[in-house]
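Read the structure below first, then the notes.
Note that the structure is a prediction, hence the values are computed from the model and not measured.
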Amino acid sequence: MGSERNGKETINMKVTDEESLWDAVVQFQNQPFYTISGLLFHYQLKRGKHGEYTRELLIDRSSSKPLVWSSFLLAYRQALMHRGEVICRPKELCDCRGISYSFSILWRLGLIKVPPQTEEKLRGHSLTCLEPDLGSRCGVHGR
């Protein structure tokens, strides 16, 4: 783990509340992230008329609506409730809009724990076989 911004490591930034979460989201826009399915994405924060951030994350892979802050906060609050638990899939954390992206960002910020095979995917590595014991725990099976 380190503070590298290559999309492959978690970010060691102290996120203790919603304000520090926002600071981290601002700081790490345009950095590479990967979804659990291994798709590379970046986000930028939308700006209002006067140049201020509107608290909407514009995901470069998404041609539809932006990821709104309220959805991201919902995922963050669920992550706090499940702190220390291993979360295998995004919808296990929260069934809200943009959870695939929120899940990746929250993992990179060190706010959720995931099993090793999920961690590899979030780092942008694809796996051809998974450890059987973890795969059965998370309902994932090797190919």
Side-chain angles (χ1 to χ4, degrees), residues 1-48 52-143:
M1 291 194 191
S3 59
E4 296 177 34
R5 294 187 188 181
N6 62 7
K8 298 184 186 292
E9 301 297 331
T10 57
I11 299 165
N12 290 329
M13 186 164 187
K14 189 107 173 153
V15 175
T16 57
D17 57 20
E18 291 177 11
E19 186 176 328
S20 60
L21 175 66
W22 173 249
D23 292 342
V25 168
V26 169
Q27 184 174 350
F28 290 99
Q29 62 181 321
N30 297 312
Q31 297 303 314
F33 291 88
Y34 293 89
T35 65
I36 195 168
S37 58
L39 298 174
L40 174 66
F41 73 94
H42 302 79
Y43 69 86
Q44 286 187 318
L45 295 168
K46 187 175 177 180
R47 291 189 179 266
E52 75 285 356
Y53 291 126
T54 64
R55 296 199 179 221
E56 293 177 297
L57 286 77
L58 302 172
I59 308 292
D60 65 357
R61 295 201 59 83
S62 175
S63 60
S64 60
K65 298 177 185 176
L67 173 56
V68 294
W69 188 244
S70 58
S71 292
F72 190 80
L73 276 182
L74 184 60
Y76 167 71
R77 290 173 184 149
Q78 288 297 314
L80 292 179
M81 290 175 57
H82 296 284
R83 182 162 273 165
E85 296 176 24
V86 174
I87 302 169
C88 300
R89 292 178 296 282
K91 293 214 175 184
E92 189 178 315
L93 178 64
C94 176
D95 190 7
C96 61
R97 190 179 185 306
I99 188 59
S100 296
Y101 303 114
S102 298
F103 187 85
S104 301
I105 296 167
L106 292 170
W107 172 76
R108 285 277 309 278
L109 292 174
L111 296 171
I112 58 174
K113 288 175 68 174
V114 298
Q117 74 273 16
T118 301
E119 191 171 309
E120 289 302 307
K121 289 179 181 183
L122 292 171
R123 286 186 172 147
H125 303 162
S126 61
L127 299 174
T128 53
C129 66
L130 304 174
E131 298 175 36
D133 57 332
L134 288 172
S136 62
R137 150 65 178 93
C138 296
V140 179
H141 305 287
R143 294 183 182 142

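Rounding to the nearest 0.5 Å gives a distance of 4.0 Å between CG of Leu45 and CD of Gln29. Between Ile99 atom CD1 and Thr35 atom OG1 the span is 12.5 Å, to the nearest 0.5 Å. Distance check: Trp69 CH2 to Ser102 OG gives 9.0 Å after rounding to the nearest 0.5 Å. For the atom pair CZ (Arg77) and SG (Cys96), the distance works out to 11.5 Å, reported to the nearest 0.5 Å. Note that CZ of Arg89 is 8.0 Å distant from CD1 of Ile36, once rounded to the nearest 0.5 Å. From Leu109, atom CG reaches atom NZ of Lys14 across 13.5 Å, with rounding to the nearest 0.5 Å.
Within the structure, salt bridge (charged side-chain N to carboxylate O under 4.0 Å, His left out) pairs that include any residue of residues 25-47 comprise Lys46-Glu56 (at least two apart or interchain).
When each of Tyr101, Phe28, Trp107, Tyr43 is tested with Phe33 by the rule ring-ring contact (aromatic ring centres under 6.0 Å, His included), just one qualifies, namely Tyr43.
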Going through the checks in order, is the salt bridge (charged side-chain N to carboxylate O under 4.0 Å, His left out) test met by Lys113 and Glu119? CA-CA 9 Å; Lys113 288 175 68 174; Glu119 191 171 309; over 6 Å; no
Derivation and outcome, side chain to side chain donor-acceptor pair (under 3.5 Å), residues Asp23 and Ser20:
CA-CA 5 Å; Asp23 292 342; Ser20 60; over 6 Å; no
*asked:* side chain to side chain donor-acceptor pair (under 3.5 Å) for His42 and Asn30? Distances and angles first, verdict last.
replied: CA-CA 5 Å; His42 302 79; Asn30 297 312; over 6 Å; no
Query - Trace of the side chain to side chain contact (heavy atoms under 4.5 Å, CB included) decision for Ile105 with Leu111 - result: CA-CA 9 Å; Ile105 296 167; Leu111 296 171; over 6 Å; no
message: Run the side chain to side chain donor-acceptor pair (under 3.5 Å) test on Tyr34 and Glu120 for me, step by step, so that the C-alpha distance in whole Å, both residues' side-chain angles and the decisive distance to 0.1 Å come before the verdict.
response: CA-CA 10 Å; Tyr34 293 89; Glu120 289 302 307; over 6 Å; no
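Judged by distance alone, with hydrogens and angles left aside, the side-chain atoms of Arg108 form no donor-acceptor pair with the main-chain N or O of Phe103 at under 3.5 Å. Remark: side-chain polar atoms of Ser71 are not paired, donor with acceptor, to backbone N or O of Leu67 under 3.5 angstrom.
Heavy-atom contacts from other residues, nucleotides or ligands closer than 6.0 Å to CD of Glu19 number 12 or fewer.
Within the 4.5 Å cutoff, the side chain of Thr16 has no heavy atoms near those of the Leu21 side chain. Looking at heavy atoms from C-beta onward, Thr118 lies out of side-chain contact with Ile87 at the 4.5 angstrom threshold. Side-chain atoms of Ser104 and Phe41, non-hydrogen and from C-beta on, do get closer than 4.5 Å to each other.
Annotation for Pro66 and Leu58: closest pair CB-CD2, 3.5 Å, computed over non-hydrogen atoms.
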